[in-house]
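Taking it in order: structure first as structure tokens, then the write-up.
Numbers here simply count residues along the sequence, with the first being 1. Both ligands and their constituent atoms are indexed starting at 1 by order of listing.
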Amino acid sequence: MAKVISDGIGAFYQHYPRVATVVTAQAKGKANAMAVAWHMSISFNPPLYGVSIASKRFTYQLIADSREFGVNFLPFEAAELVASVGGSKGEEVDKFRRFNIATDKSVKTKVPILEAAYAAYECKLVDDRDYGDHRLLVGEIVAVHQMKEAFTSDEVIDLDKVSPILYLGHELYVTASRDTVKSLDREVYGKR
Ligand SMILES: Cc1cc2nc3c(=O)[nH]c(=O)nc-3n(C[C@H](O)[C@H](O)[C@H](O)COP(=O)(O)O)c2cc1C
């Protein structure tokens, strides 16, 4: 395949697929959820997680008010939920009611945790910075919810039990299959 070089990023999908998450927040009695593909782990100690959210999102206002957010990782069967909360505005609709989203109790914050999530982080906001048309929100993870059976004894996601939602861009989603897993020992490969 021939490569072309351009100075524009286009739809900015070159670095996809990305795991699609649902970021949740609540403030002043209002709860909301939105789809977020731009997110990352930042530090083990303290445990920090970052999400990149446009300031015009209703969810951003709730996070700025409450200084808390949740990051929910859902199985592929729940991809429709990602599209639902990513295609609607919390300003206009109560997404939890409209899409019949069940929640679990949060323990260290007041953020909604999605019952369907195989893992979720409760985060307390430690930094909120403007970067172009998005804000990078960094949270300290204060509680981790996880379905034990979705992970192996090494704490790796068990693809026989749960399939993550990989977002390809536009309206396209795919998942990972157990058959494609390769085990490559870095000690061995680093010395070749
Ligand atoms: C799969 C997917 C990923 C998305 N990722 C992001 C993201 O990383 N950051 C962001 O600001 N918006 C992202 N969006 C858009 C928001 O989810 C969308 O604008 C949503 O309606 C915002 O809801 P709110 O206004 O209720 O907060 C994404 C949408 C989809 C469908």
Side-chain angles (χ1 to χ4, degrees), residues 9-42 48-103 106 109-141 157 162-176:
I9 55 170
F12 213 9
Y13 289 144
Q14 297 86 357
H15 55 292
Y16 284 52
R18 304 189 61 87
V19 170
T21 68
V22 172
V23 166
T24 47
Q26 75 77 43
K28 297 179 187 137
K30 277 210 147 197
N32 196 37
M34 69 176 276
V36 165
W38 292 3
H39 58 94
M40 67 184 292
S41 44
I42 296 172
L48 299 177
Y49 209 81
V51 293
S52 175
I53 293 183
S55 56
K56 63 182 177 196
R57 312 283 187 236
F58 185 61
T59 310
Y60 172 69
Q61 292 170 28
L62 299 183
I63 298 172
D65 270 11
S66 63
R67 301 194 62 81
E68 298 179 342
F69 62 91
V71 188
N72 297 264
F73 301 89
L74 296 161
F76 193 57
E77 300 78 66
E80 287 78 4
L81 196 151
V82 170
S84 300
V85 300
S88 52
K89 295 184 174 176
E91 254 160 345
E92 296 166 3
V93 62
D94 176 343
K95 300 189 197 182
F96 287 89
R97 274 183 173 220
R98 163 80 68 91
F99 305 119
N100 212 3
I101 305 174
T103 55
S106 46
T109 64
K110 291 193 176 121
V111 299
I113 295 298
L114 306 193
E115 190 184 277
Y118 60 84
Y121 299 140
E122 289 181 42
C123 299
K124 295 251 193 210
L125 189 67
V126 295
D127 198 26
D128 172 1
R129 259 170 228 268
D130 201 9
Y131 284 101
D133 50 18
H134 277 58
R135 298 192 72 90
L136 179 60
L137 309 181
V138 178
E140 177 161 357
I141 299 171
I157 189 168
V162 70
S163 309
I165 306 176
L166 306 179
Y167 175 53
L168 293 178
H170 293 303
E171 316 307 331
L172 302 172
Y173 301 83
V174 70
T175 192

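You'll find the side chain of F96 reaches within 4.5 Å of the side chain of T103, heavy atoms only. At a threshold of 4.5 Å between non-hydrogen side-chain atoms, the residues V126 and L48 count as touching. At least one side-chain heavy atom of I101 sits under 4.5 Å from a side-chain heavy atom of L114. Using a 4.5 Å cut-off on side-chain heavy atoms (C-beta onward), W38 and H134 make contact. Side-chain contact check for F69 versus V51: some heavy-atom pair is nearer than 4.5 Å.
Side-chain N/O atoms of S106 and E122 include no donor and acceptor closer than 3.5 Å.
Of the protein's non-hydrogen atoms, F58 N, 3.2 Å is the one closest to atom 25 (O) of ligand 1. Distance from atom 31 (C) of ligand 1 to its nearest protein heavy atom, with residue and atom name: Y173 OH, 3.7 Å. Closest to atom 22 (C) of ligand 1 among all protein heavy atoms lies R57 CD, 3.6 Å. With hydrogens left out, the protein atom closest to atom 6 (C) of ligand 1 is A35 O, 3.4 Å, a heavy atom. Closest to atom 27 (O) of ligand 1, if we only count protein heavy atoms, is T59 OG1, 2.5 Å.
Taking distance alone, with nitrogen or oxygen atoms compared against 3.5 Å, A37 approaches ligand 1 more closely than that limit. Of the N or O atoms in A54, one or more lie within a sub-3.5 Å distance of an N or O in ligand 1.
In plain terms, the two heavy atoms of C123 and G139 that are nearest each other are CB-CA, 4.0 Å. Across every non-hydrogen atom of V23 and I63, the tightest pair is CG1-CD1, 4.1 Å.
Heavy atoms of K95 approach ligand 1 to within less than 4.0 angstrom. In this structure, V85 counts as a contact residue of ligand 1, since one of its heavy atoms falls inside 4.0 Å of the ligand. Put simply, part of S88 is less than 4.0 Å from ligand 1, judged by heavy atoms.
Within the listing of ligand 1, atoms 24 (P), 26 (O), 27 (O) sit less than 4.0 angstrom from a heavy atom of N32. Near W38, with a cut-off below 4.0 Å to any heavy atom, the atoms of ligand 1 are 8 (O). In summary, the atoms of ligand 1 found under 4.0 Å from a heavy atom of I53, numbered by their order in the structure, are 11 (O).
When E171, R18, M34 are ranked by how near their heavy atoms come to atom 10 (C) of ligand 1, first place goes to M34. Residue nearest to atom 7 (C) of ligand 1, selected from G86, A79, G90, S52: S52 (by heavy-atom distance).
Within the model, atoms CD of Q26 and OG1 of T59 stand 12.5 Å from one another, a figure rounded to the nearest 0.5 Å.
Residue-level proximity to ligand 1 for H134 is carried by the side chain, the only part with a heavy atom below 4.0 angstrom.
Scanning for ring-ring contact (aromatic ring centres under 6.0 Å, His included) contacts around Y16 gives Y13, Y167, with sequence neighbours left out.
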